[in-house]
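Written below as structure tokens is the structure these notes are about.
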Amino acid sequence: MDLFVITGITKGLGYSINNILKKENKYTLSISRNIEVSQEYNNRVIECDLSNISQIIDLNRKFSEAITDNITRIVFINNAGAIDPIYKVGEDIDYENIVKHINVNYIAPIIITNEIMKIMNKDCRLEIINITTGAAERPLAKWALYSSSKKATKTYFETIKLEDERINVLNYDPGVMDTSMQGYIRKSNFPLVGKFREYSEEKMLKSPDEVAKDIMKRYIQTL
Ligand SMILES: NC(=O)c1ccc[n+]([C@@H]2O[C@H](COP(=O)([O-])OP(=O)(O)OC[C@H]3O[C@@H](n4cnc5c(N)ncnc54)[C@H](OP(=O)(O)O)[C@@H]3O)[C@@H](O)[C@H]2O)c1
């Protein structure tokens with residue numbers, strides 16, 4: 001039996017992917033801080049604010065309680081992500097927001113993957129679909145946290161793939177999508193913000209539904 005573990009299903013790309021999984025009757029476990037929304041859509045839900053380190057560490061207990069079935073393949077869709085804070089080095093910034101950012105984009109996927117590996121039996125496979133970004137490869141001024149945390153996560157997954165042959169990793173860059181993350185970017189202050197405003201004005205943003213269909217077609221249906 002396959003299990004789909006997915007983060008960030010309340011809106012944006014994660015919402016669209018999760019909708020398709022639901023329509024296709026896939027067995028899903030979502031990890032979300034918004035338990036009401038998630039319970040409507042998923043077979044199982046773990047409540048966790050991925051920016052909160054104590055809650056991330058507590059996944060240790062919650063994972064073993066949530067997964068009891070005989071799973072032969074796990075697909076982990078690492079989708080939840082944060083772009084804020086966008087700031088210039090040296091600015092007076094609340095350091096807690098830096099820690100929260102790193103927790104969501106980097107620490108949480110590491111610990112979730114570890115928990116998944118702990119419950120996998122020797123014949124179970126793990127497919128990690130990591131939602132990455134062009135900014136991980138092409139840094140943008142004032143996006144240092146986002147570019148570096150997304151790159152770090154990508155490197156982490158590529159490294160653990162070398163450690164266990166049951167792990168396969170697919171990095172997927174969705175391009176520029178019409179989600180609340182883009183809304184936040186357009187309202188921010190950084191040198192290339194005009195370009196992002198233009199993408200929206202010129203209707204160049206991809207819909208998250210279209211991107212989710214592409215992910216399903218390329219990866220999930222062929223896994
Ligand atoms: N939008 C783009 O143009 C774009 C481009 C390249 C890559 N990406 C990547 O695509 C992925 C999805 O982005 P999106 O545009 O769909 O973003 P989005 O609309 O802002 O949605 C982000 C999702 O992550 C969840 N999330 C954020 N912080 C969380 C936290 N502390 N705890 C639990 N869940 C949290 C949100 O849940 P809540 O409702 O609880 O906040 C939401 O479901 C991200 O990894 C992003 O880096 C996006």
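Remember, it's 1-based here, ligands and their atoms both numbered in the order they're listed. None of these values were measured; they are calculated from a predicted model.
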message = Has Lys100 got a side-chain atom pairing as donor or acceptor with Asn52's backbone, closer than 3.5 angstrom?
response = no

So, Asn97 versus Tyr87: side-chain donor-acceptor pair below 3.5 Å or not?
no

* Between Ser30 (side chain) and Ser32 (backbone), is there a donor-acceptor pair under 3.5 Å? -> no

**Check: Thr132 main-chain N/O paired with Lys154 side-chain donor or acceptor under 3.5 Å** = no

Return a table of N or O atom pairs, ligand 1 on one side and protein on the other, at distances under 3.5 Å, rounded to 0.1 Å.
from: ligand 1; atom 1: 1 (N); to: Thr179; atom 2: OG1; distance (Å): 3.0
from: ligand 1; atom 1: 3 (O); to: Met177; atom 2: N; distance (Å): 2.8
from: ligand 1; atom 1: 3 (O); to: Gln182; atom 2: NE2; distance (Å): 2.9
from: ligand 1; atom 1: 15 (O); to: Thr179; atom 2: OG1; distance (Å): 2.5
from: ligand 1; atom 1: 16 (O); to: Leu13; atom 2: N; distance (Å): 2.8
from: ligand 1; atom 1: 19 (O); to: Ser180; atom 2: OG; distance (Å): 3.2
from: ligand 1; atom 1: 20 (O); to: Ser180; atom 2: OG; distance (Å): 3.1
from: ligand 1; atom 1: 28 (N); to: Arg33; atom 2: NH2; distance (Å): 3.4
from: ligand 1; atom 1: 31 (N); to: Arg33; atom 2: NH1; distance (Å): 3.4
from: ligand 1; atom 1: 31 (N); to: Asp49; atom 2: OD1; distance (Å): 2.8
from: ligand 1; atom 1: 31 (N); to: Ser51; atom 2: N; distance (Å): 3.4
from: ligand 1; atom 1: 32 (N); to: Leu50; atom 2: N; distance (Å): 2.9
from: ligand 1; atom 1: 37 (O); to: Thr10; atom 2: OG1; distance (Å): 3.1
from: ligand 1; atom 1: 39 (O); to: Thr10; atom 2: OG1; distance (Å): 2.5
from: ligand 1; atom 1: 40 (O); to: Arg33; atom 2: NE; distance (Å): 2.8
from: ligand 1; atom 1: 41 (O); to: Arg33; atom 2: NH2; distance (Å): 2.7
from: ligand 1; atom 1: 43 (O); to: Gly8; atom 2: O; distance (Å): 3.2
from: ligand 1; atom 1: 43 (O); to: Thr10; atom 2: N; distance (Å): 3.3
from: ligand 1; atom 1: 43 (O); to: Thr10; atom 2: OG1; distance (Å): 2.7
from: ligand 1; atom 1: 45 (O); to: Asn79; atom 2: O; distance (Å): 2.7
from: ligand 1; atom 1: 45 (O); to: Lys150; atom 2: NZ; distance (Å): 2.7
from: ligand 1; atom 1: 47 (O); to: Tyr146; atom 2: OH; distance (Å): 2.6
from: ligand 1; atom 1: 47 (O); to: Lys150; atom 2: NZ; distance (Å): 3.0

Check: Is the Trp143-Phe196 ring centre distance short of 6.0 angstrom?
Finding: yes

Using atom types as modelled and distance alone, determine if a side-chain donor or acceptor of Glu210 lies under 3.5 Å from a backbone N or O of Ser207. yes

